[in-house]
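Side-chain atoms are counted along with the backbone in the values below, which use heavy atoms only and exclude waters and symmetry mates. In what follows, residues are counted from 1 in the order of the sequence shown.
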Amino acid sequence: MKILHVSDAHLGRAQYGLPEREEDYYKAFEEALKLGKSADAVLITGDLFDTRRPPTRALLRFVEAAEAAGITIYAIGGNHDFSYVRFKAESERCPDSRCPQDTVLKLLDRVKLLKLLCWESADIGGVFIFGACATPKEYAGDYRKMLLKAPPGAILAIHQAIEGVRARYPAEEDDYTMPQSVFQGLSYIHIAAGHVHDHLAQHPLGAVWAGSLELWDAGEFETWDYAGSFEKTQEEAAKGVILIDASGRAVSLKAFRLRRNRQLYKIRLHVRDKKELFQAAEEAAKMFDRPGAVIRLEIWGTLEEGVRTRQIATIFSKSLYVDVVDRTSTPQKAVSLRGSAVEELWRLMKERLGDSAEVVIKAMELVREGEKEAAYKLLLKALYD
């Protein structure tokens, strides 16, 4: 029995607000499903969509891809497209599962475009898959109790990190990182995992992550550092899917890499003065300014004057998008805002936003520092957890 393991498609995500990047995510998903022509089923281990209420365009592209693939799709909910807290509340209110959970995945299940496995199992030609939807680690006790319902020798489909896994994303303090003890003593032949974006990340417990289908943020971009000359310091993160061949009490895995057509670069310029900055930026443009490219350009060093990021961005005329981030230190930046005006602003935000004010302030600080992706993830966590 062959099962194509796909994860973290994040359909509907428009990185940097670019429709072209949103299209890249759709194409990656379509390409992933094409690799499953020899499989008996597709298993999506969470975050099929980037939000619980994806745009109509994302739904339509999923429907088109699913119908073109012509293969049965099983899916579990991830932390982006599923809320365990809401699911738990609705399950307690309607224990017979007739309540319509607040997720588009339930809708797709009802119209039979996929089968949602949320604490349920499916028999695929004698091989059982047990789906465990994304659950915050504070509910680890409940999570283990639910896993105990899995048929012996099943493939566990999870959307979690596990303590000890080494990966770029998520960070160690992630709320969806489960302790290893949750899985100890369980009877399973394989853990097909989502949430970790690194293709083929593995854990000694028997978990393997397919990884996301597209590059999530600049931390996965091909990275170059400049300190007098350019040096590549990181290759672009690999993306792909896994074909699980299950027979009896064993599984074998075969990985497939996804092709990419867009260059994504992270360039860090370590400079000493403005003259060197412009020289380095012009050299970077000669090397990396290509049609359709997405570039994150970080400027590091100590400069007497601030950096005009827009002026630097205009040096790149061919790229789709250039995000110039000023990381330099200046005397002006060392001055912190204080006084009655700031205190009054904080009071008003607390009055209007309550406990969410601290989240908004932190997100604003991250945006100011150029960490737009980190701010985005912080706000998502506050909205959906």
How far does CE of M1 sit from CG of D245, to the nearest 0.5 angstrom?
-> 9.5 Å
CD (E120) and CE (M146) are apart, to the nearest 0.5 Å, by 9.5 Å
State yes or no: do V208 and L258 share one hydrophobic cluster built from I, L, V, M, F, W and Y residues joined by side-chain heavy-atom distances below 4.5 Å, directly or via other members?
-> no
Interatomic spacing from CD in Q160 to OH in Y143 - rounded to 0.5 Å = 4.0 Å
Are F221 and Y265 close enough, and set up right, to give a ring pair (Phe, Tyr, Trp, His ring centres under 6.0 Å), and what steps lead you there?
-> CA-CA 5 Å; F221 289 7; Y265 299 114; 8.7 Å; no
E214 and salt bridge (Lys or Arg N to Asp or Glu O under 4.0 Å): which partner among R21, K239, R262, R13?
-> R21
Distance from I44 atom CD1 to K115 atom NZ, nearest 0.5 Å?
-> 14.5 Å
SG on C118 to CG on L105, rounded to 0.5 Å = 9.0 Å
Classify the side-chain pair S212/H10 by whether it contains a donor and acceptor separated by less than 3.5 Å.
-> no
Would you say L108 and L4 are hydrophobically clustered, going by side-chain heavy atoms of ILVMFWY under 4.5 Å?
-> yes
Start with the C-alpha distance between H195 and N79, add both sets of side-chain angles, then the distance that settles side-chain hydrogen bond (donor to acceptor under 3.5 Å, both in side chains), and finish with yes or no.
-> CA-CA 8 Å; H195 187 54; N79 58 303; 3.2 Å; yes
Between D8 and H80, a side-chain donor and acceptor under 3.5 Å = no
Nearest 0.5 Å please: distance from the CD1 atom of I155 over to the OG atom of S121.
-> 12.5 Å
